[in-house]
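To keep things clear, I will list the structure first and then write my remarks on it.
Whatever order the structure lists ligands and atoms in, that order sets their numbers, starting from 1. Heads up: numbering here begins at 1 and tracks the sequence.
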Amino acid sequence: MTQPHATHPRGRIEIICGSMFSGKTEEMIRRLRRAVIARQQVQAFKPAIDSRYHVEKVTSHNGLHFEAQPVARAADILDVVDPLTDVVGIDEVQFFDAGIVAVCEQLAEHGKRVICAGLDMDFRGLPFGAMPELLARAEDVHKLHAICVVCGEEASRTQRLIGGRPAAFDDPVVLVGAAEVYEARCRQCHQILAVSELAAMQGGH
Ligand SMILES: Nc1ncnc2c1ncn2[C@@H]1O[C@H](COP(=O)(O)OP(=O)(O)O)[C@@H](O)[C@H]1O
Ligand SMILES: Cc1cn([C@H]2C[C@H](O)[C@@H](COP(=O)(O)O)O2)c(=O)[nH]c1=O
Ligand SMILES: [Zn+2]
């Protein structure tokens, strides 16, 4: 008997989210490498804005890497994805424009397993970019935690430090960087300066 959607049984969206240093990229690379072992055709993408470590690879903070094509806009992924590709990995998905939701949906509808890794929250602790929409639509969500560098508990948030001080709430959301600007912290140790607090510190009153 014919099942509905039986032509594309494997299409799905998986999201790996969490703070910086929680192991999102490691986990995505682990899944992509296993797909390669299973002789599936794999393609990985990253936003061109992320020039840390290596331009044509996704690289974890502890040095694991996997070949990836940098793309400027979400829709560019559809231009370069091979029809025969089984598994599509997308790292730093929070940086893509809102079109990334339709791109992931379209890939999954065409039978591809789409694995996205990205920050669920920005440095203020607010939802990042298209992440909330992707989390709602995904078949599978895996939230990872780092270790809070202040107290050693599980870290759910990313602390931005500018000149050694917590960043202010009105800082720009996008600031590419790693351990020189960011730390993993738990809810209790995470700090944001209100704009007035920063002004008071800078003005010395
Ligand atoms: N505070 C921390 N908590 C956990 N892992 C950390 C921390 N700082 C550095 N690391 C390293 O970061 C690795 C995870 O890197 P990565 O997969 O790139 O994370 P993400 O993509 O979530 O930023 C860990 O395996 C560990 O070696
Ligand atoms: C919290 C936060 C992070 N970023 C940037 C910093 C890094 O370039 C990436 C996250 O990389 P990772 O693989 O998760 O370590 O995002 C940002 O631009 N804005 C933020 O608020
Ligand atoms: Zn803490």
Under 3.5 Å: donor-acceptor pair, side chain of [X], backbone of [Y]:
{"X": "K46", "Y": "E92", "result": "no"}
{"X": "Q94", "Y": "D120", "result": "no"}
{"X": "E139", "Y": "I13", "result": "yes"}

What is the closest protein heavy atom to [atom], and at what distance does it sit?
{"atom": "atom 15 (O) of ligand 2", "result": "H61 NE2, 2.7 Å"}
{"atom": "atom 16 (O) of ligand 2", "result": "F95 CZ, 3.2 Å"}
{"atom": "atom 21 (O) of ligand 1", "result": "T25 OG1, 2.8 Å"}
{"atom": "atom 23 (O) of ligand 1", "result": "F21 N, 2.8 Å"}
{"atom": "atom 12 (O) of ligand 1", "result": "H61 CB, 3.6 Å"}
{"atom": "atom 4 (N) of ligand 2", "result": "Y182 OH, 3.4 Å"}
{"atom": "atom 13 (C) of ligand 1", "result": "E26 OE2, 3.6 Å"}
{"atom": "atom 18 (O) of ligand 2", "result": "L175 N, 2.8 Å"}
{"atom": "atom 21 (O) of ligand 2", "result": "F123 N, 2.7 Å"}

Check ligand 1 against [X] and write out every atom of the ligand that is under 4.0 Å from a heavy-atom position of the residue.
{"X": "V149", "value": "1 (N)"}
{"X": "S19", "value": "22 (O)"}
{"X": "M20", "value": "23 (O)"}
{"X": "S60", "value": "16 (P), 17 (O), 18 (O)"}

Check your understanding: Does CD in Q41 sit with more than 12 non-hydrogen atoms of other residues, nucleotides or ligands closer than 6.0 Å?
Key ->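 Atom CD in Q41 is crowded, with more than 12 foreign heavy atoms closer than 6.0 Å.
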
Practice item. Mark yes when over 12 heavy atoms from residues, nucleotides or ligands other than R187 sit less than 6.0 Å from its CZ; otherwise mark no. Key: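 At most 12 heavy atoms, drawn from other residues, nucleotides or ligands, come within 6.0 Å of this atom.
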
Review point. Looking only at heavy atoms, which two atoms of I100 and A74 are closest? And how far apart?
Key: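 Minimum heavy-atom separation between I100 and A74: N-CB, 3.5 Å.
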
**Study point:** Audit row: D97, R73, salt bridge (Lys or Arg N to Asp or Glu O under 4.0 Å) steps and yes/no
**Key:** CA-CA 7 Å; D97 53 273; R73 295 171 314 124; over 6 Å; no

Exercise for review: May I ask you to list the atoms of ligand 2 that are less than 4.0 angstrom from any heavy atom of K24?
Suggested key: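 Ligand 2 atoms under the 4.0 Å threshold to K24: 14 (O).
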
Review point. Relative to the heavy atoms of D122, which atoms of ligand 2 are at a distance of less than 4.0 Å?
Key: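 What qualifies from ligand 2 is 1 (C), 21 (O).
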
Exercise for review: Would you check whether G23 has a nitrogen or oxygen atom less than 3.5 angstrom from a nitrogen or oxygen atom of ligand 1?
Suggested key: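 For ligand 1, there is an N or O atom that lies under 3.5 Å from one belonging to G23.
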
Practice item. Using distance alone, determine whether I147 and ligand 1 share an N or O pair under 3.5 Å. Key: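 For ligand 1, there is an N or O atom that lies under 3.5 Å from one belonging to I147.
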
Exercise for review: Please confirm whether Q94 comes under 4.0 Å of ligand 2, counting heavy atoms of the residue only.
Suggested key: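 The answer is yes: ligand 2 sits under 4.0 Å from a heavy atom of Q94.
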
Exercise for review: Specify whether an N/O/S atom of C151 falls short of 2.8 Å from the Zn ion (ligand 3).
Suggested key: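 Yes - counting backbone and side chain alike, C151 has an N, O or S atom under 2.8 Å.
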
Shortest reach to [atom] by a heavy atom, considering only [options]:
{"atom": "atom 19 (N) of ligand 2", "options": "V173, T25, V174, V176", "result": "V173"}
{"atom": "atom 7 (C) of ligand 2", "options": "G177, P47, S19", "result": "G177"}
{"atom": "atom 12 (P) of ligand 2", "options": "R124, E92, Q159", "result": "E92"}

Exercise for review: Run the salt-bridge test on D86 and K112 with the 4.0 Å N-O cut-off and return the result as yes or no.
Suggested key: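 Between K112 and D86 there is no salt bridge, as every charged N stays at least 4.0 Å from the carboxylate O atoms.
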
Point to revise | E27/R30 ion pair, N-O < 4.0 Å | key: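 R30 and E27: salt-bridged.
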
Exercise for review: Hey, can you tell me if F95 and F128 have their rings parallel, tilted or perpendicular (30° and 60° cut-offs)?
Suggested key: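 Plane angle over 60°, so perpendicular.
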
Check your understanding: Looking at side-chain heavy atoms only, is the closest gap between I162 and L175 below 4.5 Å?
Key ->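 When only atoms from C-beta onward are counted, L175 and I162 do touch, with a gap below 4.5 Å.
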
Check your understanding: Going by heavy atoms in the side chains, are F169 and L193 under 4.5 Å from each other?
Key ->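 No - every pair of side-chain heavy atoms lies 4.5 Å or more apart.
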
Practice item. Apply the test side-chain contact (heavy atoms from CB on, under 4.5 Å) to residues F66 and V42: give CA-CA distance (whole Å), side-chain angles for both, the deciding distance (0.1 Å), then the verdict. Key: CA-CA 11 Å; F66 193 95; V42 176; 3.8 Å; yes

Exercise for review: Measure T158 to ligand 2 on non-hydrogen atoms and call it side chain, backbone, both or neither using the 4.0 Å cut-off.
Suggested key: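 It is the side chain that gets close, since no backbone atom is under 4.0 Å.
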
Practice item. May I ask you to identify, for L119, whether its side chain, its backbone, both or neither come under 4.0 Å of ligand 2 on a heavy-atom basis? Key: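 The answer is the side chain of L119.
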
Check your understanding: Is atom 26 (C) of ligand 1 less than 4.0 angstrom from some protein heavy atom?
Key ->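 Within 4.0 Å of atom 26 (C) of ligand 1, no protein heavy atoms are found.
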
Review point. Hey, are E26 and S60 close enough side-chain-wise for a donor-acceptor pair under 3.5 Å?
Key: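 The criterion, which ignores hydrogens and geometry beyond distance, is not satisfied for E26 and S60.
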
Point to revise | V58 and I29: CA distance, side-chain angles, deciding distance, side-chain contact (heavy atoms from CB on, under 4.5 Å) verdict | key: CA-CA 8 Å; V58 291; I29 291 172; 4.1 Å; yes

**Study point:** SG (C189) - the Zn ion (ligand 3) - SG (C148) angle, nearest 10°
**Key:**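 Value, to the nearest 10 degrees: 110°.
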
